[in-house]
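Read the structure below first, then the notes.
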Amino acid sequence: MAISSNPTRSILLTTLITLLISLSTSISDPEELVNELLTLQSQSSSGVIHLNDHTISRFITSTKTPRPYSLLVFFDAKQLHDKAELHLTDLYQEFSILATSFITNNPDKSAAGYGKLFFCDIEFKESQSSFNLFGVNSLPHIRLINPNVKNPKDSEAMDQGDFSRMAESMSDFIQSKAKLSVGPIHRPPPISKNQLAFLILVLLIWTPFMIKKLLTGQTLLHDWRIWLCGAVFVYFFSVSGAMHNIIRKMPMFLADRNDPNKLVFFYQGSGMQLGAEGFAVGFLYTVVGLLLAFMTHVLVLAKNVTVQRLVMVVSLVVSFWAVNKVIFLDNWKTGYGVHTFWPSSWK
């Protein structure tokens, strides 16, 4: 029988075989890694592969360079999704659109070979050690791991100032660092085909009734109340800075840094305007505008002179108070003082 009588030799042989097996299984074939990434990519609806500490080790740190693929990694933290100033959810959606567009525009890249690019994401709570491995300490953050990168910290990081153009800026980053063309960005339509068909059907059914109401003058466009409300809304929208808030995606309020349980509705500093500030100023200006319109169009119709004078005095006092509050807020935010100018002959 071929059983060794030396126990020490048997233990050494078993240990050697175990080491060889573990070494052979730890070093994966490059083509096998690409096929595994392609499988993970096909299982994701957006084409973004979710990574963790184990898969980071498998596809990046424990592989030989050069690898037959590149990885574009989006670093995410679910606990920061409520921070509107970071725009993490919007950026991740744009990252998913970029991944889908790349896969659609480059079907030939599905074969194994150098130049293959995969889109991945890492979540902070699941992969804190990977965040430390890449040296990521702030979000949003995107890194490109090229085939020749050995140390994850040596990978290319996207400048945070370039995130303003969303998917387009990410595409330019890939073009400049990986020398790969993403192609046109395919954004989903605002409404689906089924929704569009339903809207067309509703429009066809509603059209005869609309034509009848137009001919008889019974539409909302013939109601003076609608025009009045629309004019007030446009006026409020103009003086409240609502367009600024929409373009800059400014939050209504912020949490106080010194006391997280306290909310800040008015931010001191001319470089930033919260939504609550704009609505407050817009409300005050709207009150002044409505009082002025009331005095010039309605109050003049009153026959009682005493009532006219009383309402006018009250309106002027309220208007003065509202404008004074707006000036006070502007002085507080900018530090510039606005004071009343008196003619020199009055002094």
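Each residue takes its place number in the sequence, starting with 1. Please read all numbers here as calculations on a predicted model, not as lab measurements.
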Exercise for the section: Measure the spacing between CD1 of Ile174 and OG of Ser70 and express it to the nearest 0.5 Å. Expected result: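 The distance works out to 9.5 Å.
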Practice task
Step through it carefully: locate the ring centre of Tyr92, locate the ring centre of Phe74, and say whether they are under 6.0 Å apart.
Solution key: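 Yes, the ring centres sit under 6.0 Å apart.
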Practice task
Report yes if some heavy atom in the side chain of Arg67 is under 4.5 Å from a heavy atom in the side chain of Val34; otherwise report no.
Solution key: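 No, every pair of side-chain atoms sits at 4.5 Å or beyond.
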Exercise for the section: I would like to know whether Lys78 and Lys125 meet side-chain contact (heavy atoms from CB on, under 4.5 Å); could you show each step before the answer? Expected result: CA-CA 8 Å; Lys78 293 181 179 179; Lys125 283 189 176 180; over 6 Å; no
Practice task
Ignoring hydrogens and angles, tell me if any N or O in the side chain of Glu156 forms a donor-acceptor pair with the backbone of Arg143 under 3.5 Å.
Solution key: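 No, the answer is negative, given that no donor and acceptor are paired below the 3.5 Å cut-off.
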Can a side-chain donor-acceptor contact be found between [Y] and [X] if the only test is distance below 3.5 angstrom?
| X | Y | value |
| --- | --- | --- |
| Asn132 | Ser129 | no |
| Glu123 | His50 | no |
| Asp53 | Ser130 | yes |

Problem - Same apolar cluster: Ile103 and Leu117, side chain cutoff 4.5 Å - result: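 In one cluster with Ile103: Leu117, no.
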Exercise for the section: Determine whether more than 12 heavy atoms belonging to other residues, nucleotides or ligands lie under 6.0 Å from atom OH of Tyr285. Expected result: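 No.
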Handout entry: Residue list, side-chain contact (heavy atoms from CB on, under 4.5 Å) with Ser319, at least two apart or on another chain
Key =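 With neighbours one apart ignored, the set is Val288, Leu291.
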Exercise for the section: Could you tell me whether Glu277 and Lys325 make a salt bridge, using a distance below 4.0 angstrom between a side-chain N and a carboxylate O? Expected result: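 Salt bridge flag = no for Lys325 with Glu277.
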Problem - Residues that Glu94 engages under salt bridge (Lys or Arg N to Asp or Glu O under 4.0 Å), provided they are two or more places apart - result: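 Listed in chain order: Arg187.
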Exercise for the section: Considering non-hydrogen atoms only, spot the tightest contact between Ser155 and Val149 and give its length. Expected result: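 Scanning both residues completely, I find the closest heavy atoms to be N-CG1, 4.1 Å.
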Handout entry: Nearest heavy-atom neighbours spanning Leu38 and Lys116
Key =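 Smallest heavy-atom distance, with atoms named: CD2-CE, 4.0 Å.
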Exercise for the section: Kindly determine whether Ile49 and Leu71 satisfy side-chain contact (heavy atoms from CB on, under 4.5 Å), including the steps that lead there. Expected result: CA-CA 10 Å; Ile49 302 171; Leu71 299 177; 6.0 Å; no
Practice task
Please say which of Phe173, Phe119, Phe75 ends up in a ring pair (Phe, Tyr, Trp, His ring centres under 6.0 Å) with Phe95.
Solution key: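 The residue from Phe173, Phe119, Phe75 that satisfies ring pair (Phe, Tyr, Trp, His ring centres under 6.0 Å) with Phe95 turns out to be Phe119.
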Practice task
Decide yes or no on side-chain contact (heavy atoms from CB on, under 4.5 Å) for Thr39 and Gln43, but give the supporting numbers first.
Solution key: CA-CA 6 Å; Thr39 302; Gln43 293 174 353; 3.6 Å; yes
